[in-house]
Amino acid sequence: MALRQAKMAVLRCAEATGASRWLARTEWRRNKLLILCYHGVSRFDEHHWGSLYISEAIFRRRMEVLREERCNVLPIGEAIERLRDGTLPERAVVITFDDGTHDFFSVSFPILEEFGYPVTLYLTTYYVEFHRPVFDPACSYLLWKGRDTTLRWPEVLDAPVALDAAGRERAAAAIIRYAIARKLSGAGKDDLLASLATRLDIDYQDMCRRRVLQLITPEEATDLARRGVNLEFHTHRHRVYRSREHMFAELEDNRRRLVAYGAREPKHFCYTGGFFLPQHPGFLKEYGIVSATTCFPGLCTAESDLMRLPRLVDTMGLTELEFRGWLRGISAMLPLRRVRQEEGQLVDE
Ligand SMILES: [Zn+2]
């Protein structure tokens, strides 16, 4: 917390003295690329639930700030080429979205279109074809909706769990473990979500009708590709594997669908949950992937490893001053928060 306050003080000072504005116009910044990461833009209350969502007002404001700061928003392919060639324009930025929840189609993309910004959607495809809420985040969202009650579910939980923040995390982990141990199918997991909702007195069918935490459909993906969205790799099942063979099969499952939806030769990848093993960058390169983004904050330079590119995850917790600091480059000079690698997306095969 003290570090955050110190960073804010530096940013305020750099703003007041004109130092951050000056930095934004230097060669130092011109040779760097900022890749922004978003997951969802809220349609209902999702931005109050966790860090995956931001509100529509904040998202719109961020897009305005990009314009105020005269950033050059580039498609990812062009940005990577120019990063390598040393021909980036001033204040280069790439906008990426992960996963492909329905709100990308109904909220975020119309805003991006309005501003004329190119965008990359790293699309995970299993739930594009299975039209139900995505299990892991839906589990966490339902528990949040039921916050401050007590969940009794003897089949799944050893003991009743009070749904405060820590309890919700414990309960989500136990429910996910339960689904994995029983090797539940998509439909089985969906039944489990429906039972959870009933226990928490939440109308699950209504949540499904409103398409909360559901992904876009194949038709919507095709429509987005036609309107210029760059559809790229994020694995089919939102999973990574230890072996080359399984990783290649997973990429191929994802690629086949992206191409069927109208994607033009997907070549860029985003690590699921930001997680990767030491062997993954090599596998991706061998498969023909040109770039892979992480969730480690930072600016990309000509020396960055293209299979481990840093990316700024934008959240409700980031102030406008900090956001501007990233566009101008000064935030990248301040001490950065360590990002933990979560193994949740790894399958032991
Ligand atoms: Zn993801």
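This chain uses plain numbering: 1 for the first residue, then up along the sequence. Counting starts at 1 for both ligands and their atoms, following the listed order.
- Under the side-chain hydrogen bond (donor to acceptor under 3.5 Å, both in side chains) test applied with His234, the options Thr96, Asp99, Thr124 reduce to a single match, Asp99.
- Judged as a salt bridge (charged side-chain N to carboxylate O under 4.0 Å, His left out), and not counting sequence neighbours, the contacts of Asp45 are Lys145.
- Counting only protein atoms, the N, O or S atoms lying less than 2.8 Å from the Zn ion (ligand 1) are Asp99 OD1, His234 NE2, His238 NE2, ordered by chain and residue number.
- What you find for Val313 and Cys295 is that their closest heavy atoms are CG2-CB, 3.9 Å.
- In this structure, Arg308 forms no cation-pi arrangement with Phe296, as its terminal cationic atom is not both closer than 6.0 Å to the ring centre and no more than 45° off the ring axis.
- Remark: Glu15 CD to Leu321 CG distance equals 6.0 Å, nearest 0.5 Å.
- Atom CZ of Arg168 and atom OH of Tyr141 lie 12.5 Å apart (nearest 0.5 Å).
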